[in-house]
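One is the number of the first residue; the rest follow in order along the sequence.
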Amino acid sequence: AGGGGSAAAPAPLPSPSPLALEYHHLCGQLMDALGAGVGFGPGAGPQRPSPEAEQCLDLIITFIGYLCLENGDARERMRWGAVGVAGESRSILHRLLRLPFVFYSDPRRMKVLFPTLILAALGARENRGIMASEVDLSLLARWLRREAADVDASVALSWKLPELLWETALKEFG
């Protein structure tokens, strides 16, 4: 029988499924390979960006956002990664944050990156802290307000960032 005041030991945390770890590894590898194909990242050369590599990179970025949707484990894995030779983090979150300036300035590329960044940090204080050290979080809130106010843009946005999460995102980033 029980011993009165002793609390039960906490249940062990479930380990991530092997498939989730494979997705994480694959996304990181594809970001590196496709980054080289569009002229940034490890192995990037002076070549002209490949439209196919750009499109694939956009899809990987969107996929990462979908993985983070309502998935705290995936948001935590965004911080996983080795430290590179120059001391920089190789986490997927850092790779996303260090994408070229065009992802922060070109409206088409912002529509790819920003929903993923929002989903990666929504409800994840540590991820928001990392993001705040690299980008101005109010930029994401301003962008979300603009997209939500435009009827056509808001329909497209709702496919990447469900409308039910917009208000929460605005509170966290605004």
Side-chain angles (χ1 to χ4, degrees), residues 10-11 13-17 19-28 30-32 34-35 40-41 57-84 87-174:
L13 294 173
S15 60
S17 75
L19 190 56
L21 297 176
E22 292 297 325
Y23 279 138
H24 175 81
H25 177 74
L26 182 62
C27 287
L30 286 170
M31 283 190 71
D32 285 346
L34 294 168
F40 71 90
L57 182 60
D58 289 352
L59 291 171
I60 290 299
I61 293 168
T62 301
F63 178 72
I64 291 168
Y66 288 144
L67 287 176
C68 291
L69 180 62
E70 300 291 323
N71 186 335
D73 290 340
R75 288 190 297 270
E76 179 186 336
R77 283 191 296 277
M78 294 290 287
R79 298 186 303 270
W80 292 5
V83 175
E88 78 284 356
S89 173
R90 300 288 302 141
S91 73
I92 290 178
L93 182 58
H94 280 97
R95 290 175 192 176
L96 289 170
L97 292 167
R98 294 181 183 140
L99 286 169
F101 182 70
V102 68
F103 282 90
Y104 294 89
S105 60
D106 175 22
R108 185 183 72 78
R109 301 315 284 271
M110 292 164 70
K111 289 179 184 193
V112 172
L113 178 62
F114 286 15
T116 294
L117 289 179
I118 290 169
L119 288 169
L122 202 58
R125 186 177 45 228
E126 288 182 56
N127 289 5
R128 271 194 320 281
I130 291 167
M131 287 173 59
S133 71
E134 301 276 339
V135 299
D136 180 1
L137 297 182
S138 67
L139 172 71
L140 297 173
R142 287 191 309 271
W143 174 83
L144 179 55
R145 277 190 201 91
R146 237 183 357 261
E147 293 293 303
D150 179 320
V151 174
D152 293 330
S154 68
V155 170
L157 173 63
S158 68
W159 285 96
K160 293 182 181 180
L161 179 64
E163 191 173 350
L164 292 171
L165 299 175
W166 294 358
E167 191 62 38
T168 303
L170 289 170
K171 287 177 185 172
E172 288 190 23
F173 294 98

Quick one: closest heavy-atom pair of [X] and [Y], and the distance?
| X | Y | result |
| --- | --- | --- |
| Arg145 | Leu170 | CG-CD2, 3.7 Å |
| Ser154 | Ala148 | CB-O, 3.7 Å |
| Leu67 | Cys27 | CD1-SG, 4.2 Å |
| Pro115 | Leu161 | CB-CB, 4.3 Å |
| Ala120 | Asn127 | O-ND2, 2.7 Å |

* Please list all pairs passing the side chain to side chain donor-acceptor pair (under 3.5 Å) test where one or both residues lie in residues 157-171, with sequence neighbours left out. => none
Measuring only between side-chain heavy atoms, which start at C-beta, is [X] closer than 4.5 Å to [Y]?
| X | Y | value |
| --- | --- | --- |
| Ile92 | Arg77 | no |
| Ile64 | Met31 | yes |
| Leu119 | Leu165 | yes |

* Asked: With Phe103, which of Leu113, Leu96, Leu117 fulfils side chain to side chain contact (heavy atoms under 4.5 Å, CB included)?
  ->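 Going through Leu113, Leu96, Leu117 one by one, the side chain to side chain contact (heavy atoms under 4.5 Å, CB included) with Phe103 is satisfied by Leu113 alone.
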Output all residues satisfying side chain to side chain contact (heavy atoms under 4.5 Å, CB included) with [X], sequence neighbours left out; order by chain, then residue number.
| X | value |
| --- | --- |
| Ala153 | Lys111, Glu147, Asp150 |
| Arg125 | Arg128 |
| Glu134 | His94, Leu97, Arg98 |
| Ser138 | Asp136, Arg142 |

[atom1]/[X] to [atom2]/[Y] distance, rounded to the nearest 0.5 angstrom?
| X | Y | atom1 | atom2 | result |
| --- | --- | --- | --- | --- |
| Phe63 | Thr116 | CZ | OG1 | 11.0 Å |
| Glu76 | Glu126 | CD | CD | 8.0 Å |
| Leu144 | Leu139 | CG | CG | 11.5 Å |
| Arg95 | Met78 | CZ | CE | 10.5 Å |

* Asked: When you measure from the side chain of Arg79 to the backbone N and O of Leu93, does any donor-acceptor pair fall under 3.5 Å?
  ->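 No, Arg79 side chain to Leu93 backbone: no donor-acceptor pair under 3.5 Å.
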* side chain to side chain contact (heavy atoms under 4.5 Å, CB included) evaluation trace for Met131 with Leu140 -> CA-CA 11 Å; Met131 287 173 59; Leu140 297 173; 3.4 Å; yes
* Scan residues 114-143 for pairs that pass ring-ring contact (aromatic ring centres under 6.0 Å, His included), counting only residues two or more places apart or in two chains. => Tyr104-Phe114, Phe114-Trp143
